[in-house]
Amino acid sequence: IFSFLMKVEIVQAASVYAYIPNSGSDTVSIINTADNSSTTVSVGDFPQGVGVSPTGDFAFITNRDDNSVSVINMVTNTVINPAITTGIGV
């Protein structure tokens, strides 16, 4: 399984989490950079990019193969379902 880090954005100085799309497994690894613990959440098909809301409350994961955007609540580190369907070329 290959994981490609396409884009990581620094949210705020107080954030201790890194959100890493795992394209080969359709998941996102959430890494606590303070203690190096991690968890994995399922998202859409072939996640590639990460965007963050201006408030730092939500991470937006672009899913290439199903043309969707998954939303992760950065306070609880849970996926908000369902994913947002977009047009071709997310």
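Numbers for residues simply follow the sequence, beginning at 1. Scope of the values below: all heavy atoms of this structure, side chains included, with no hydrogens, waters or symmetry mates. Bear in mind that the values here come from a model prediction, so they are computed numbers and not experimental data.
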Side-chain donor/acceptor of D65 to backbone N/O of F46, under 3.5 Å: no
Donor-acceptor check, side chain of T33 to backbone of V16, threshold 3.5 angstrom: yes or no? yes
Going from OH on Y17 to OG on S37, what distance comes out if it is rounded to the nearest 0.5 angstrom? 7.0 Å
To the closest 0.5 Å, what do you measure between CD1 (I72) and CD1 (I30)? 4.5 Å
Would you name the heavy atoms of [X] and [Y] that are closest together and state the gap between them?
| X | Y | answer |
| --- | --- | --- |
| I61 | P47 | CG2-CB, 3.6 Å |
| T62 | G49 | OG1-N, 2.9 Å |
| D66 | G44 | OD2-CA, 3.6 Å |
| D26 | D45 | OD2-OD1, 3.4 Å |
| P21 | Q48 | CG-O, 3.5 Å |

Do S38 and N32 have side-chain atoms, one donor and one acceptor, less than 3.5 Å apart? no
With distance as the sole criterion, is a donor-acceptor pair present between the side chains of N22 and S29 under 3.5 Å? yes
Test N67 against T86 for side chain to side chain donor-acceptor pair (under 3.5 Å), laying out the working first. CA-CA 5 Å; N67 300 315; T86 65; 5.2 Å; no
With a 4.5 Å limit on heavy-atom distance, are the side chains of T27 and V41 in contact? no
Residue pair N63 / V69, side-chain heavy-atom distance below 4.5 Å: no
Residues I20, V28; criterion side-chain contact (heavy atoms from CB on, under 4.5 Å); working and verdict: CA-CA 5 Å; I20 312 300; V28 170; 5.6 Å; no
If the condition is side chain to side chain donor-acceptor pair (under 3.5 Å), which residues does S42 pass it with, not counting sequence neighbours? none
Throw together a table of side-chain donor-acceptor distances under 3.5 angstrom for residues 77-84, partners on residues two or more places apart or in other chains.
{"from": "N77", "atom 1": "OD1", "to": "Y19", "atom 2": "OH", "distance (Å)": "2.5"}
{"from": "T78", "atom 1": "OG1", "to": "T76", "atom 2": "OG1", "distance (Å)": "2.7"}

